[in-house]
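Data first, discussion second: the structure below is written as structure tokens.
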Amino acid sequence: MASILINSLKRLYAAGRITKEQLAERIEKGTITVDDYQEITGEEYDE
């Protein structure tokens with residue numbers, strides 16, 4: 001089950017208010033995981 005953060009990021013991404021690059025920065029900071037990135041974008045994370 002996705003967290004509130006992941007659901008919020010999904011909505012922001014779908015609305016074009018957050019980019020893949022911004023999501024990648026969150027992976028580097030440890031805020032989200034690679035799996036979360038894939039769930040949000042529907043694409044594999046390319047490190």
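In this structure, I32 CD1 and I6 CD1 are separated by 5.5 Å, a value rounded to the nearest 0.5 Å. Note: R17 CZ to L9 CG = 12.0 Å, rounded to the nearest 0.5 Å. With rounding to the nearest 0.5 angstrom, the CD1 atom of I40 is 11.0 Å from the CG atom of D35. Atom CG of L23 and atom CD of Q38 lie 12.0 Å apart (nearest 0.5 Å).
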request  = Could you walk me through whether L5 and T31 pass the side chain to side chain contact (heavy atoms under 4.5 Å, CB included) test, one step at a time?
outcome  = CA-CA 9 Å; L5 172 63; T31 309; 3.7 Å; yes
query = Does the side chain to side chain contact (heavy atoms under 4.5 Å, CB included) test come out yes or no for I18 and R26, once each step is laid out?
reply = CA-CA 11 Å; I18 190 169; R26 288 179 176 267; 4.1 Å; yes
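When every heavy atom of Y37 is checked against every heavy atom of E44, the shortest pair comes out as CE2-O, 3.9 Å.
E43 pairs by the salt bridge (charged side-chain N to carboxylate O under 4.0 Å, His left out) definition with K20, not counting sequence neighbours.
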